[in-house]
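Fair warning: this is a prediction, and the values are worked out from it, not measured in the lab. Order of the sequence lines fixes the chain letters, A, B, ..., with proteins taken first and strands second; residue numbering starts at 1 for each chain.
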Amino acid sequence: MRVSKLFGKTLREIPAEADTVSHQLLVRAGMVNQLVAGVYSYLPLAWRVLQKIENIVREEMDRAGGQELSLPVLQPLELWQLSGRGEALGKVLFTLYDRRERPLALGPTHEEVITQLVSRNVRSYRDLPLMLYQIQTKFRDEPRPRGGLIRVREFPMKDLYSFDTDEAGLDVSYRKMIEAYRKIYERCGLPALLVEADSGAIGGKDSHEFMLVAGSGEDEIIYCPGCDYAANVEKAVSVKGNIENGAPRKVEEVSTPGMGTIEEVAGFLKVPHSHTLKAVFYVADGKMVFVVIRGDLAVNEIKLKNRLRCTELRLATEAEVIEAGIVAGAASPVGLSGFKVVADDSVSSGTNFVAGGNKPDTHLRNVNYPRDFKADIVADIATARAGERCASCGGVLASTHGIEVGHVFKLGTFLSEKLEAVFIDEKGETHPIVMGCYGIGIGRLLAAAIEQSHDAKGIIWPAPIAPYHVYLCPLYREGTKVTEVSEKLYGEFLAAGLEVLYDDREESPGVKFNDADLLGIPFRVTVSPRTLQKESVELKRRNEKESALVPLAGIADKLKGLIKG
RNA sequence: CGGGGCGUAGCGCAGCUUGGUAGCGCGUCUGAAUGGGGUUCAGAAGGUCCCCGGUUCAAAUCCGGGCGCCCCGACCA
């Protein structure tokens, strides 16, 4: 491709709208253009990268036994009501009406469609296992698109769905996919970390995410430097430890004038935070929930939501708390009734806690579970934090941020049950198909690759996904043989199967070099009177500082070798 | 949905406080010189000042309403 003809202009200045590095570089390199919030056009350079990523993904999916197909974007809303996930997705679902006023959704994903399709084509255990995938545009009306291509509302995504006869089969498919994903990230130059994840609105059991560790990442990862434990903070667990505070004593009331927060109460009574119990109030699907947790810990709303099995969960407003007759600042489940009480399992990790007295300015000492209060649910609902102990090895947990570049789920049978995707086993018995699903956002992978690999000058593409292999850069063409030689080289490179960006513009060396760096093409070949004097060209790798003179003869083959290697 | 910011030429911005009909840099086009890291000089084109309404002799500027975009949070397969 000749740069003079390439559609897309490079920008010197950083676009005002872009905050994230990958976003800035994508815009400056003339690769993407925003149409509305979270919706982008991909210009030729970006399109080439997307296709390369897509092909890598496709190859690995095929290798793992996947069969590619194409599914509708327009989906009847009923299908989402049938699966029950329409409600869970809520406003994320783009909806529209056809001319007959029939409600439709733009597919945010395709589990429902594929399950229905499979239910019509699979009858027998002989048809299983099965892996089907598609690489298509998905639509999600995200509450807040951000970070350029990191979180968008319309985006290309690969989804593979596995169908097995039993859990053991699902385990096999799941492991195959994790392996395939590892290869994909490796080929894209991304050191992705496998972390345990919450399965969210999609439901199901096991779930893992692949994370690219990056400061700009939206997700917090809790990991253990001492072992291989790593989890999304939504899911992460830690050792809460036992709090030694003597044998249970008799409850006594203490006056705590004006003391409301754990900070204040603990300070006033001169006890550590871990010797207190904290009460937090939530509204789950419209009902007040009373949550108790040890004073030094924080509630993890995702865990809480999962335990409550509710669709909507939010903190109760001050007015709602008062309305419910709760004494904010001095509340505890002791002696209270009429609320659903959820306790973090830390309430049984110690004795003689300080808790609210359910009277203004009053707290209780020596509160013990379960002696003094009961809970409807006792479970881990705490947020794991860096500095706490690892549940697997006892090491000290650390925290970092990451960009989610892949997510795999063991769906189980809930969708196949709802949509009646069943098979008949050897004994003639009918069972729901056991499902898994595995997604990779292609555009996000592109953005993540840039986040992972760039410098002050621009993008540094890993060769397998670079839009072009070689940037052919002639200098000082007028009155010299540079043009002649460059044109010849261009032809040779193309003939050798190299992907070449040929900067045939009348620009100064600075402009060309800076554009070459910005676009991040792995190899730059400079032709100038100076190099031609020595029958050579200058070869420079984008990711290295030094360049070298290389003889003209055989340069195409040499490049070919370097790119393959 | 809550909080904050922004909207003026293709891009980045100034002008708005104190109303008088728009300017700078980059880019683009023309010409010349230059020649290894965004080169210099000369000239030119390019604007519904986000939209609607109001105040005024006069609105980019003041007032009201709306829309859009970005950031933080909520949220987010």
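Ring to ring, A:F290 and A:F281 are close: their centroids are under 6.0 angstrom apart. Aromatic ring centroids of A:F210 and A:Y185 lie under 6.0 Å apart.
The OH atom of A:Y161 sits 15 Å away from the P atom of B:rA77 (whole-angstrom rounding). Protein atom CG of A:L518 is 14 Å distant from nucleotide atom C1' of B:rC11, rounded to whole Å. Here B:rU28 presents its C1' atom at 17 Å from CD of A:E506, a figure rounded to the nearest Å. Atom CZ in A:R140 sits roughly 8 Å away from atom P in B:rA77 (whole-Å rounding). Put simply, CZ on A:F513 is 10 Å from P on B:rG38, counting in whole angstrom units. Between the CD1 atom of A:I14 and the P atom of B:rG10 there is a distance of 21 Å, given to the nearest Å. Between the C1' atom of B:rA77 and the CD1 atom of A:I440 lies a distance of 14 Å, rounded to the nearest Å. Atom C1' of nucleotide B:rC6 and atom CG of A:D19 are separated by 13 Å, given to the nearest angstrom.
Salt bridge A:D171/A:K410: present, at least one basic N to carboxylate O contact under 4.0 Å. Taking 4.0 Å as the cut-off between side-chain N and carboxylate O, A:E209 and A:K235 do not count as a salt-bridged pair. With salt bridges taken as basic N to acidic carboxylate O contacts below 4.0 Å, none links A:R524 and A:D503. The existence of a salt bridge linking A:E487 and A:R2 is confirmed by a sub-4.0 Å separation between a basic side-chain nitrogen and an acidic carboxylate oxygen.
For B:rU39, one of the phosphate oxygens OP1 or OP2 lies less than 4.0 angstrom from a side-chain nitrogen or oxygen of A:S508. Proximity of A:Q34 to the phosphate of B:rC70: a side-chain N or O atom is located under 4.0 Å from OP1 or OP2. A close approach under 4.0 Å does not occur between any side-chain nitrogen or oxygen of A:K305 and OP1 or OP2 of B:rA74.
Pairing partner, B:rG68: B:rC6, with both Watson-Crick or wobble hydrogen-bond distances short of 3.5 Å. Here B:rA60 sits opposite no nucleotide as a Watson-Crick or G-U wobble pair (both hydrogen-bonding atom distances under 3.5 Å). When Watson-Crick and G-U wobble pairs are counted only if both distances are under 3.5 Å, B:rA42 pairs with B:rU30. Look at B:rG23: its Watson-Crick or wobble partner, with both distances under 3.5 angstrom, is B:rC13. Pair assignment for B:rU48 gives none, since no Watson-Crick or G-U wobble pairing has each distance under 3.5 Å. Across every strand in view, B:rC76 sits unpaired, with no contact that passes the Watson-Crick or G-U test at under 3.5 angstrom.
For A:L11, the listed nucleotide lying nearest its side chain is B:rC11; candidates were B:rG37, B:rC11, B:rC69. Proximity note for A:K540 (side chain, C-beta onward) versus B:rG37, B:rA77, B:rC75: the nearest is B:rG37. Between B:rC75, B:rC69, B:rA77, one nucleotide has an atom nearer to the side chain of A:E404 than all others, and that is B:rA77. Comparing B:rA77, B:rC70, B:rG37 by their nearest atom to the side chain of A:E17 picks out B:rC70. In this structure, the nucleotide among B:rC69, B:rG37, B:rG38 sitting nearest to the side chain of A:R28 is B:rG38.
Evaluated for a side chain to side chain donor-acceptor pair (under 3.5 Å) with A:E112, the options A:R85, A:Q81, A:Q75 yield exactly one hit, A:R85.
Nearest-nucleotide mapping onto RNA chain B: of A:W80 and A:H23, the residue sitting toward the 5' end is A:H23. Across the interface with RNA chain B, nearest-nucleotide mapping of A:V92 and A:K457 shows A:K457 to be the residue nearer the 5′ end.
Residues passing the side chain to side chain donor-acceptor pair (under 3.5 Å) test with A:S486, sequence neighbours excluded: none.
Using a 4.0 Å heavy-atom distance criterion, A:R314 is classed as making no nucleic acid contact. Here A:T317 lies out of heavy-atom contact (under 4.0 Å) with every strand. Within the nucleic acid shown, A:P509 comes within 4.0 Å of sugar-phosphate atoms alone, with no base atom in reach, counting heavy atoms only. The residue A:V36 sits close only to the backbone: its heavy atoms come under 4.0 Å of sugar-phosphate atoms, none of a base.
Taking the ring axis of A:F94 as reference, the NZ or CZ atom of A:R153 does not stay both within 45° of it and closer than 6.0 Å to the ring centre.
When the P atom is compared between B:rC70 and B:rG64, the two are found 26 Å apart, to the nearest whole Å. The P atoms of B:rC69 and B:rG27 are separated by 30 Å, rounded to the nearest whole Å.
Side chain of A:D219 to backbone of A:I221: no donor-acceptor contact under 3.5 angstrom is found.
Contacts with RNA chain B (heavy atom under 4.0 Å) in residues 144-155 of chain A: A:R144, A:P145, A:R146, A:G147, A:R151, listed by number.
You won't find any donor-acceptor pair under 3.5 Å spanning the side chain of A:E507 and the base of B:rG38, going by distance alone.
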